[in-house]
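The next block holds one structure in the form of structure tokens; read it before the comments.
Since we're looking at a predicted model, the values are computed, not measured. Chain identifiers are assigned alphabetically (A, B, ...) following the order of the sequence lines, protein sequences preceding nucleic acid strands; residue numbering begins at 1 within each chain.
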There are 2 protein chains.
Amino acid sequence: MRSGTLQALLWRRALEPHLGRWSLPGGRLRHDEDVETSIRRQLAEKVDLRKLKHVEQLAVFSTPDRVPGPRVVATAFLGLVPSDVEPTVPEDTSWHTVEQLPRTAFDHGSITLRARERLRSKLSYTNIGFALAPDLFTISALRDLYSAALGYRVSATNLQRVLTRRGALATTGETVPPGRSGGRPAALFTFAEHGMQVTDPFAAFRPPSTR
Amino acid sequence: MRSGTLQALLWRRALEPHLGRWSLPGGRLRHDEDVETSIRRQLAEKVDLRKLKHVEQLAVFSTPDRVPGPRVVATAFLGLVPSDVEPTVPEDTSWHTVEQLPRTAFDHGSITLRARERLRSKLSYTNIGFALAPDLFTISALRDLYSAALGYRVSATNLQRVLTRRGALATTGETVPPGRSGGRPAALFTFAEHGMQVTDPFAAFRPPSTR
DNA sequence: GCAAAAGTGTTTTAGATACACCCATGA
DNA sequence: TCATGGGTGTATCTAAAACACTTTTGC
């Protein structure tokens with residue numbers, strides 16, 4: 001994610017079919033690796049992306065004709081990279097705003113939209129923001145990340161309170177000086193846990209309280 | 001599900017490896033079908049189960065040594081059958097309480113537990129109860145189903161209110177006479193929608209209200 | 001009449017939103 | 001001293017849980 005929008009990393013296909021179209025990075029599963037190891041390897045080898053803070057399975061896409069030629073079953077993943085990773089990606093690879101994806105190869109467009117959907121729901125009931133944010137961040141920076149991912153303006157006030165009440169945020173004591181236009185220095189926060197945790201397990205039907 | 005517990009349909013393996021152990025029904029994917037079509041076909045052919053009210057992907061299990069011999073990648077599903085389906089299953093197939101599963105083949109025990117986890121969360125924020133209940137049911141019958149699936153006693157009062165407020169329940173006007181021990185006749189309800197719907201989309205971070 | 005089961009009314013609690021206000025800084 | 005952005009205090013809203021109470025039946 002960069003510049004206030006949610007972005008997906010795509011690369012241009014160098015082979016038929018769908019030569020020249022944008023596609024999600026990936027490749028064949030080896031016999032000695034599981035699917036998560038495989039996708040991490042592919043991202044490292046093919047697009048030099050090693051700093052994923054979170055990787056999770058999305059779904060299997062298996063319609064027989066989803067790819068021309070011999071049948072290909074794909075396990076799709078959602079992988080998240082913090083907003084401060086250097087954007088150096090290889091030639092023929094680039095980040096694309098999810099709101100206006102280019103024409104993609106195969107079903108990669110709908111896979112991307114499903115990934116966004118998954119991210120959006122997890123932002124609500126987990127601490128998954130840790131995977132989008134740098135290690136240290138101000139609340140307004142975090143607000144921008146959440147707003148971009150969710151597609152609507154999030155209130156910084158409430159974001160801070162909700163995440164704090166849930167124990168997801170930790171204060172560092174450090175601050176950042178204001179810009180030219182002034183304003184109070186912003187405090188720097190961290191996520192308390194690294195690794196996804198469900199922070200709001202019972203949206204309803206909670207077990208009876210034990211008091 | 002039957003008799004107040006959550007149950008899984010397992011069949012005894014007739015072949016090595018793990019001959020005689022209980023395993024989840026399934027089989028190889030054909031070239032002309034997607035994974036959901038495939039699992040529905042296997043359930044129909046192998047264990048004569050055709051009345052699934054809901055089927056959804058769980059996850060891919062792909063650890064290289066999860067099955068002895070040549071590598072097998074499995075796409076696991078959660079499939080739900082209403083409580084009133086006749087329990088006629090073939091020889092060597094039977095329903096097992098998930099709380100005390102027998103020794104299973106391969107990783108089928110952990111797959112089953114993951115399925116239960118998925119079901120439990122979806123009971124909270126969707127109308128997925130429709131897939132566990134008969135077409136017509138009393139609130140106390142529904143309460144028993146929810147209680148068995150969730151593993152704790154659900155209040156009939158609050159269950160009715162929550163599902164009603166969310167628009168998931170519909171009244172039918174019909175009632176059921178009480179048993180020998182008396183009591184007020186119970187009203188029969190239906191689920192308003194057949195097909196899973198998210199009924200509580202925003203556990204948090206709802207978009208600003210448009211008023 | 002009384003026990004049993006179903007269902008409703010009402011209070012309480014918890015987690016979130018909304019919004020007014022105070023704080024710390026640059027120019 | 002004033003505009004600006006950061007942060008807190010407090011009221012309000014909403015969904016759910018908790019529980020007292022009423023309804024309708026069998027015996």
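- Proximity of B:Gln160 to the phosphate of C:dT8: a side-chain N or O atom is located under 4.0 Å from OP1 or OP2.
- A heavy atom closer than 4.0 Å to some atom of DNA chain D occurs in no member of residues 133-143 of chain B.
- Using modelled atom types and a 3.5 Å distance limit, the side chains of B:Asp144 and B:Ser147 yield no donor-acceptor pair.
- A:Gln197 places none of its side-chain heavy atoms less than 4.5 Å from the side chain of A:Thr126.
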Would A:Asp107 and A:Arg66 satisfy salt bridge (Lys or Arg N to Asp or Glu O under 4.0 Å), going step by step from the backbone distance to the final call?
CA-CA 7 Å; A:Asp107 50 4; A:Arg66 60 177 286 277; 2.7 Å; yes

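- Remark: the backbone N or O of A:Leu188 is paired with a side-chain donor or acceptor of A:Thr172 at under 3.5 angstrom.
- Residues in residues 172-194 of chain A take part in no salt bridge (Lys or Arg N to Asp or Glu O under 4.0 Å) pair, two or more places apart or across chains.
- The CG atom of B:Leu123 sits 16 Å away from the C1' atom of D:dA16 (whole-angstrom rounding).
- Residues B:Phe137 and B:Phe191 bring their aromatic ring centres within 6.0 Å.
- Under a cut-off of 6.0 angstrom, the local environment of CZ in A:Arg114 is sparse, with at most 12 non-hydrogen atoms contributed by other residues, nucleotides or ligands.
- Regarding B:Leu159, its CG atom lies at a distance of 13 Å from the P atom of C:dA6, rounded to whole Å.
- With rounding to whole Å, A:Tyr125 atom OH is found 21 Å from D:dA15 atom P.
- Between B:His108 and B:Trp22, the gap from one ring centroid to the other reaches at least 6.0 Å.
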Across nucleotides 19-27 of chain D, 5' to 3', mark each nucleotide with B, S or - according to how protein heavy atoms within less than 4.0 Å reach it.
B---BBBSS

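- B:Ala156 comes within contact range of no nucleotide atom at all, as no heavy-atom separation falls under 4.0 Å.
- Between A:Leu163 atom CG and C:dT17 atom P the separation is 10 Å, expressed in whole Å.
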